[in-house]
Number of protein chains: 2
Amino acid sequence: MNEQSNLSRREREIMDIIYKFKEATAAQVHEHLPEPPSYSAVRALLKVLEEKGHIMHRQEGPRYIFLPTTPPEEAMNKALKHVMRTFFDNSTEKVVAALLDITEETLSDDDYIRLTQLIERARQEGR
Amino acid sequence: MNEQSNLSRREREIMDIIYKFKEATAAQVHEHLPEPPSYSAVRALLKVLEEKGHIMHRQEGPRYIFLPTTPPEEAMNKALKHVMRTFFDNSTEKVVAALLDITEETLSDDDYIRLTQLIERARQEGR
DNA sequence: CAGGTTGTGCTAAATTTTTAGCATTATTTT
DNA sequence: AAAATAATGCTAAAAATTTAGCACAACCTG
């Protein structure tokens, strides 16, 4: 018997793809899966994920379109919190520092301004 | 044959614990594992992880102390990038916004100041 | 409207993960 | 130095995951 939000490796990979694309067909999932197994295998996994309640589908023409049951925001927050806890000691500052480090090259002046504004706004709301 | 940075569920959980504590004994890993299996099982997994090259150990008195082979910074960046790609469309701004949203209550005025400084400093370095 | 394409449903088998138990070795205590 | 304690090594079995293949249905194409 299985339960809980414990996902296997493949299941995790599939969920990631679905979250990334917001929703996806079996073909799309298959296409983006690293070291992809057969199409059949992907479909079987999608079925398992649906049975476990992690995704649902709607039919559109001939095919199924799968989307997560837990809303993106929630999954997002959970993922972020997990990384924060595991690697950053729950420190917002450390995460932001690492983030800036990673993306330094691609940020424009405007981007920096918007970031500063974000923080200022949060500060005002957070009281 | 297996290879690559593909980790099973348990393996992932164990790596997270080791990263969180920087290094850990089998007993510590066991202690912090959610829905922990037997001590033996944990040790077997540690061995597998070592064989796969994800962790190494040094001996200290009677016991092994395990630590990751890839340095924390690298793993950190990788994890953060992954979350960014999967949930945040690779947008620094979106991540920071979510981050502030999550931690709003626990941030002091000083924290906000330091965050702003971080960004300002990154801006100056990034040119 | 017949043929081809592109889907899904289902089932069974291979592989990997996950587990426990016992034997052995090292350390500490008395 | 003997006993007790706390580790690890190893092996084999149980459970879960991952996979492929065939059958059938819906849609498109000429």
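Fair warning: this is a prediction, and the values are worked out from it, not measured in the lab. Throughout, a chain's letter reflects where its sequence line sits, starting with A, and its residues are numbered from 1.
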So CG of B/L45 and CG of B/L33: to nearest 0.5 Å the spacing works out to 8.0 Å
Heavy atoms only: give me the nearest A/M15-A/I55 pair and the separation to one decimal.
-> SD-CG2, 3.5 Å
Tell me: CG of B/L7 to C1' of D/dA16, nearest whole Å?
-> 17 Å
Spacing of A/R58 atom CZ relative to C/dT8 atom P, expressed in whole Å | 13 Å
Which pair of non-hydrogen atoms, one from A/T69 and one from A/G53, has the smallest distance, and what is that distance?
-> OG1-O, 2.6 Å
Given atom CD of B/E51 and atom P of D/dG9, what is their separation to the nearest angstrom?
-> 10 Å
Once you round it to whole Å, what is the distance between C1' of C/dA26 and CD1 of B/I65?
-> 15 Å
Just how far, in rounded Å, is C1' of C/dT6 from NE2 of A/H30?
-> 14 Å
Using a cutoff of under 3.5 Å, can you pull out all pairs of nitrogen or oxygen atoms linking the protein to nucleotides 25-30 of chain D, with atom names and distances?
none

Protein-nucleotide distance (A/L49, atom CG; D/dT18, atom C1'), rounded to Å = 12 Å
Starting at atom CD of A/E60, determine the distance to atom P of C/dT8, rounded to an integer number of angstrom.
-> 12 Å
Which pair of non-hydrogen atoms, one from B/F88 and one from B/A98, has the smallest distance, and what is that distance?
-> CE2-CB, 3.5 Å
Would you give a per-nucleotide map of nucleotides 18-23 of chain C, 5' to 3', where B means the base has a protein non-hydrogen atom under 4.0 Å away, S means only the sugar-phosphate does, and - means neither?
-> SBBB--
Does A/R12 come within less than 4.0 Å of A/D16, counting only side-chain N to carboxylate O?
-> yes
Test: A/R123 and A/E120 ion pair at under 4.0 Å | yes
Answer with yes or no whether the side chains of B/T92 and A/Y112 bring together a donor and an acceptor at under 3.5 Å.
-> no
What integer distance in Å separates A/L46:CG from D/dT19:C1'?
-> 14 Å
OP1, OP2 of D/dT8 versus side-chain N and O of B/K47: anything below 4.0 Å?
-> no
Heavy-atom closest pair (A/T25 atom, A/R63 atom, distance to 0.1 Å) is CG2-CD, 3.7 Å
What class does the angle between the rings of B/H57 and B/Y64 fall in, given that below 30° is parallel, 30 to 60° is tilted and above 60° is perpendicular?
-> parallel
